[in-house]
Student: 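Pasting in a structure now, in structure tokens, and then I'll have a few things to ask.
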Number of protein chains: 2
Amino acid sequence: MTALPPDLFDELCPSSLLPFRFGDKWAALVLRCLEDGPRRYSELRVSLRRVTPKVLTQSLRGLERDGFVQRTVRPGPPRSVEYELTPLGRSLLVPLYAACAWAAEHWDELLDARDPG
Amino acid sequence: MTALPPDLFDELCPSSLLPFRFGDKWAALVLRCLEDGPRRYSELRVSLRRVTPKVLTQSLRGLERDGFVQRTVRPGPPRSVEYELTPLGRSLLVPLYAACAWAAEHWDELLDARDPG
DNA sequence: CTGAATCCCCCACGATACTG
DNA sequence: CAGTATCGTGGGGGATTCAG
């Protein structure tokens, strides 16, 4: 990586998608919840205990709108809704794993930088 | 990647650092501005035209606090301030490049998902 | 079971202007 | 040159409650 691509600072540069997508506080966690296959809404709620239903729905809707996740309603009763990764969403797992690995590897340094002592 | 690490959903899971850091709208761009070596504040301003000085300073301060960037004042006059990546910041470039490459590769799909047509 | 509705809060972002 | 000061805004995040 020697020179910057000329469009790096353009408004439409793909890099601007990073906060656009990773800015979502829970998106990464949600995607990882789906890595092994479809999950029901209630299953996601159990896994992501710290996320309130409203915020979880928000996050899922965002991921759905951007084409990372597909939502499927299985009529009831009892009614159930499944979420699963699209091919696009699955492809995002690759850089996501890289970022998670980095975070795990440098976890201590990060904490030290934030709170020296 | 078969099973999720048990701590993935813990409050202190490293994955929670992703939005923690990538949530910063300009952080990725700033880091890439510094990939080839130290840059002065004014240089960064020129590169990042769309960022106002206040926001740029905010972003730099955040990156400095988290240990990604080092700030060096060279007394004047004329005074100058240089920013450069720390080893930690440089290590972050690796997953960052992966994310940028992914974004570039799937740019079209992303736009289609957002705005079908 | 799967959300939607409501209310609130905080703060990142941004525009503009000013300073040592 | 390298920022600060000030003001304004929007929206994501969260707690709680309600509904089909």
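Convention: sequence-line order gives letters A, B, ...; per-chain numbering from 1. Heavy atoms only: backbone and side chains are in, while hydrogens, waters and symmetry mates are out.
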Student: I need the CZ-P distance between A/Arg49 and D/dA15, as an integer number of Å.
Tutor: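 Those two atoms, CZ and P, are 15 Å apart.
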
Student: When you check the side-chain N and O atoms of A/Thr57 and A/Tyr41, is any donor under 3.5 Å from an acceptor?
Tutor: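 A/Thr57 vs A/Tyr41: donor-acceptor pair found between side chains.
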
Student: Starting from P on D/dG12, measure out to CG on A/Leu56 and report it in whole angstrom.
Tutor: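 A/Leu56 atom CG is separated from D/dG12 atom P by 16 Å.
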
Student: Pull out every protein N or O sitting under 3.5 Å from an N or O of nucleotides 4-6 of chain C, one pair per line with the distance.
Tutor:
unit_1: C/dA4; atom_1: OP1; unit_2: A/Arg61; atom_2: NH2; d: 2.9

Student: Between A/Thr52 and B/Glu82, just flag the one whose closest nucleotide in DNA chain D comes earlier from the 5' side.
Tutor: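 The answer here is B/Glu82.
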
Student: Separation of B/Arg79 atom CZ from C/dT19 atom C1', in whole Å?
Tutor: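 Going from CZ in B/Arg79 over to C1' in C/dT19 covers 12 Å.
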
Student: State, to the nearest 10°, the angle formed by the axis through the first five base pairs of the helix from C/dC1-D/dG20 to C/dG20-D/dC1 and the axis through its last five.
Tutor: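 Computed angle between terminal axes is 50°.
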
Student: Roughly, in whole Å, what's the span from CD in B/Gln58 to C1' in D/dA5?
Tutor: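 Taking atom C1' of D/dA5 as the reference, CD of B/Gln58 is at 13 Å.
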
Student: What is the distance, rounded to the nearest whole Å, between atom CG of B/Leu63 and atom C1' of C/dA12?
Tutor: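 Result: 14 Å.
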
Student: Take atom CD of A/Glu64 and atom C1' of C/dT2, then tell me their distance rounded to the nearest Å.
Tutor: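 In whole Å, C/dT2 C1' and A/Glu64 CD are 14 Å from each other.
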
Student: Considering only heavy atoms from C-beta outward, does the side chain of B/Ser59 approach that of B/Val51 to under 4.5 Å?
Tutor: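 A side-chain contact is absent here, since even the closest heavy-atom pair is not under 4.5 Å.
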
Student: Give the minimum heavy-atom separation between B/Tyr83 and B/Val81, together with the two atoms involved.
Tutor: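 Scanning both residues, the minimum pair turns out to be CE1-CG1, 3.8 Å.
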
Student: Starting at CZ of B/Arg40, measure out to CD of B/Glu84 and round the result to the nearest 0.5 Å.
Tutor: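 Result: 14.0 Å between the selected atoms.
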
Student: State, with a plain yes or no, whether a side-chain heavy atom of B/Val69 is found less than 4.5 Å away from one of B/Leu31.
Tutor: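 Yes, at least one pair of side-chain atoms sits under 4.5 Å.
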
Student: For residues B/Gly37 and B/Arg90, report the shortest heavy-atom separation together with the two atoms involved.
Tutor: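 Reported closest heavy-atom pair: N-NH2, 4.4 Å.
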
Student: For A/Phe68, does its backbone N or O pair with a side-chain atom of A/Asp66 as donor and acceptor, under 3.5 Å?
Tutor: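 Checked: no pair found.
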
Student: Select one nucleotide: of C/dG14, C/dG3, C/dT2, the one nearest the side-chain heavy atoms of A/Arg40.
Tutor: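 For the A/Arg40 side chain, the nearest candidate turns out to be C/dT2.
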
Student: Which whole-number value in Å describes the distance from A/Tyr41 OH to D/dG20 C1'?
Tutor: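 Distance check: A/Tyr41 OH to D/dG20 C1' gives 14 Å.
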
Student: Which atom pair, heavy atoms only, marks the closest approach of A/Gly67 to A/Thr86?
Tutor: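 What the structure gives for the nearest pair is O-OG1, 2.6 Å.
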
Student: Does A/Arg32 pair with A/Glu35 as a salt bridge, N-O distance under 4.0 Å?
Tutor: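 Judged by the 4.0 Å cut-off on N to carboxylate O distance, A/Arg32 and A/Glu35 do form a salt bridge.
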
Student: May I ask you to evaluate whether A/Arg45 reaches the phosphate of C/dT2, defined as a side-chain N or O under 4.0 Å from OP1 or OP2?
Tutor: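 No.
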
Student: Whole angstrom is fine here: how far is it from CZ in B/Arg39 over to C1' in D/dA2?
Tutor: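 Checked: the CZ to C1' distance equals 17 Å.
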
Student: Looking at A/Ser42, does any N or O in its side chain come under 4.0 Å of the phosphate oxygens OP1/OP2 on C/dT2?
Tutor: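 Answer is yes, contact under 4.0 Å.
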
